[in-house]
Amino acid sequence: MEGTSKKDVNSLVETLINDAAARNGKLLFIKYSNTFTIKFEDVLVATTDNEFAVQTLYHEFKPGMMQAAYAPLMDWIGALYKRYFSDIDYATFLSDCDVYPLHINVFKTYFECGTCRRVETIVRNEAEYEHRQFIADLIKIFNTIADVVPILMIFDNLQYCERSLLVFLEKLTHTSTEKRFSVLADFNEKYEVDEYIQNMWDVFSRRIETKNMMLYWEFDSMIVSDNRHIPFVPDKAFFGVYLIMLNNMINTLCLEQALMYFEVIRQTLESGNMFVTAKERYIFYNIYGNAFFLHGDYDEAIEMSEVMRGVYITNKDLHEINYEYNFNELACLANIYKRNEA
């Protein structure tokens, strides 16, 4: 789209509301190079008393913190279920959305307790397929909800999002993808995104521009902001929360995102800047090793099994059969797949 002067963001929101009401599935991404933002109060003004009763979902991304798998989509779904579908149980709702059977319990347990649990473990050779299925599941769930109430998603500061959400949005840009909800997002083109997501971000930016889904927002006066990448810094107080979030990423196949966070936390642990219990350290390396394995990084998975073995040997509190089984299983599977794929 052509560049535009500064206008009231309400007009854009109102246009997207009309598209959402019609279930047209329109996408609009606003690119800027200063301090533009879609403020929540502006969204409220634009959506208050709209004649179509569109359900507006707003999220402001912030840098420097661990983000959940596909954030904020899973939490949005949980809230929408409680508001519009609470007369049926989670499993029935997810089945009605045509969710992939192996993923029903993953969604269900997340909505119930915030932890994704699987009935069956992920098979390495099916990891990529399951990832595509999970993206498809998210889209099907929002399409089902949109049949009941029109949906407009608004993402502020999209440059701070993680790879899992970007994959979801990229899938929506394909004309072959059925979508009955609309999306409005803004992002700062000058911000230095994390290295692990850079290639994906470049592809995504080119795609939305080619698809005429991007609007460049120009200002008469430039306000320079700090565009340097703001990294995630682990905090010992939240280590237990990190373990849950990392486990959720693996069970929902956000492997690249999980591996990025794992490496940051590992460096912090091994530098001596964060102290955790032996059990917490063991669980961390166990989840880390499984992420490597599912990603096809077998040598790294074997390395993690050896680290787990070391933690196990030097801590009597871990001398239980389950702990010994975990690192042996990881090492065996990684070696088997490594030989088979050589």
Side-chain angles (χ1 to χ4, degrees), residues 66-78 81 88-142 144 162-165 167-168 171 240-262 279-280 282-298 300-301 304-305 308 320-323 325-334 336-337:
M66 180 180 286
Q67 295 183 36
Y70 307 99
L73 302 181
M74 300 277 280
D75 289 336
W76 279 353
I77 292 172
Y81 163 84
I88 59 176
D89 60 44
Y90 285 122
T92 301
F93 166 70
L94 294 165
S95 295
D96 290 347
C97 294
D98 193 28
V99 167
Y100 183 56
L102 292 181
H103 295 165
I104 288 179
N105 202 64
V106 177
F107 281 104
K108 176 177 176 290
T109 52
Y110 181 81
F111 299 150
E112 289 175 339
C113 64
T115 300
C116 296
R117 296 191 176 96
R118 300 180 64 96
V119 175
E120 299 181 20
T121 57
I122 304 169
V123 178
R124 159 67 191 118
N125 293 341
E126 297 179 1
E128 293 183 7
Y129 170 77
E130 282 212 36
H131 181 222
R132 293 193 297 271
Q133 285 295 111
F134 205 90
I135 296 294
D137 288 340
L138 290 168
I139 295 172
K140 286 188 286 188
I141 291 172
F142 279 111
T144 299
E162 290 294 1
R163 191 180 190 279
S164 56
L165 180 72
V167 173
F168 169 83
K171 181 65 176 176
V241 176
Y242 297 155
L243 292 178
I244 293 173
M245 294 176 71
L246 290 166
N247 181 71
N248 289 349
M249 290 177 207
I250 293 175
N251 282 331
T252 58
L253 288 305
C254 301
L255 300 178
E256 290 85 356
Q257 181 174 328
L259 288 171
M260 180 273 294
Y261 284 126
F262 273 123
K279 182 176 181 180
E280 288 174 324
Y282 183 94
I283 294 172
F284 171 78
Y285 285 117
N286 187 23
I287 304 174
Y288 196 179
N290 278 285
F292 273 134
F293 170 70
L294 292 173
H295 197 249
D297 302 324
Y298 303 125
E300 290 81 357
M304 289 301 103
S305 73
M308 292 164 62
E320 298 177 12
I321 189 65
N322 287 342
Y323 292 106
Y325 174 81
N326 286 337
F327 62 75
N328 284 324
E329 179 190 41
L330 177 60
C332 288
L333 287 173
I336 290 171
Y337 275 83

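One-based numbering along the sequence shown. Excluded from the calculations below are hydrogen atoms, water molecules and symmetry mates; all remaining heavy atoms, backbone and side chain alike, are included. Bear in mind that the values here come from a model prediction, so they are computed numbers and not experimental data.
- At least one side-chain heavy atom of Y261 sits under 4.5 Å from a side-chain heavy atom of M249.
- Aromatic rings of F134 and F107 (six-membered ring for Trp) have centroids within the 6.0 Å cut-off, being under it.
- Taking the side chain as every heavy atom from C-beta outward, L259 and D297 approach each other to under 4.5 Å.
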(message) Set out, in order, the CA-CA distance, both residues' side-chain angles and the distance that settles side chain to side chain contact (heavy atoms under 4.5 Å, CB included) for Q133 and L253, then state yes or no.
(response) CA-CA 10 Å; Q133 285 295 111; L253 288 305; over 6 Å; no
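- Heavy atoms of other residues, nucleotides or ligands lying less than 6.0 angstrom from CD of E128 number 12 at most.
- Residues L243 and E280 share a closest heavy-atom pair of CD1-O, 4.3 Å.
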(request) Begin from the C-alpha positions of F284 and Y242 and carry the test side chain to side chain contact (heavy atoms under 4.5 Å, CB included) through to its verdict. (result) CA-CA 9 Å; F284 171 78; Y242 297 155; over 6 Å; no
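- Residues G289 and A301 come closest through the heavy atom pair O-CB, 3.6 Å.
- The shortest distance between side-chain heavy atoms of T115 and T109 does not fall below 4.5 Å.
- Here the CZ atom belonging to R163 is positioned 14.5 Å from the CD atom belonging to Q67, to the nearest 0.5 angstrom.
- Here the straight-line distance linking atom NZ of K171 with atom CZ of R132 works out to 9.0 Å at 0.5 Å rounding.
- A pairwise comparison of heavy atoms in C116 and N248 identifies N-OD1, 2.7 Å as the closest pair.
- Distance CG/L255 to OG1/T252: 8.5 Å, rounded to 0.5 Å.
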(request) Just do the side chain to side chain contact (heavy atoms under 4.5 Å, CB included) check on N251 and R117 with the steps written out, would you? (result) CA-CA 7 Å; N251 282 331; R117 296 191 176 96; 5.7 Å; no
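- Aromatic rings of Y337 and F293 (six-membered ring for Trp) have centroids within the 6.0 Å cut-off, being under it.
- Looking at D75 and Y110, their side chains do bring a donor and an acceptor atom within 3.5 Å of each other.
- By the 4.5 Å heavy-atom criterion applied to side chains, V167 and H131 are counted as neighbours.
- Here the side chains of E162 and M260 are in contact, with some heavy-atom distance below 4.5 Å.
- Between the CE atom of M304 and the CG atom of N290 there is a distance of 11.5 Å, given to the nearest 0.5 Å.
- Across all their heavy atoms, A69 and S164 have their closest contact at C-OG, 4.0 Å.
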(request) Verify side chain to side chain contact (heavy atoms under 4.5 Å, CB included) between L333 and R124, making sure each step is shown before the conclusion. (result) CA-CA 9 Å; L333 287 173; R124 159 67 191 118; over 6 Å; no
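- Annotation: side chain of I77 is in contact with side chain of F111 (closest heavy-atom distance under 4.5 Å).
- Note that CD1 of I287 and CE of M245 are 12.5 Å apart. Values are rounded to the nearest 0.5 Å.
- One finds the NZ atom of K108 at 9.5 Å from the CG atom of L94 (value rounded to the nearest 0.5 Å).
- Side-chain contact check for I104 versus Y90: every heavy-atom pair is 4.5 Å or farther apart.
- By the 4.5 Å heavy-atom criterion applied to side chains, I88 and D96 are counted as neighbours.
- When ring centroids are compared, Y323 and Y282 come within the 6.0 Å threshold.
- Taking the side chain to side chain donor-acceptor pair (under 3.5 Å) definition, one finds that Y288 meets it with E263, sequence neighbours left out.
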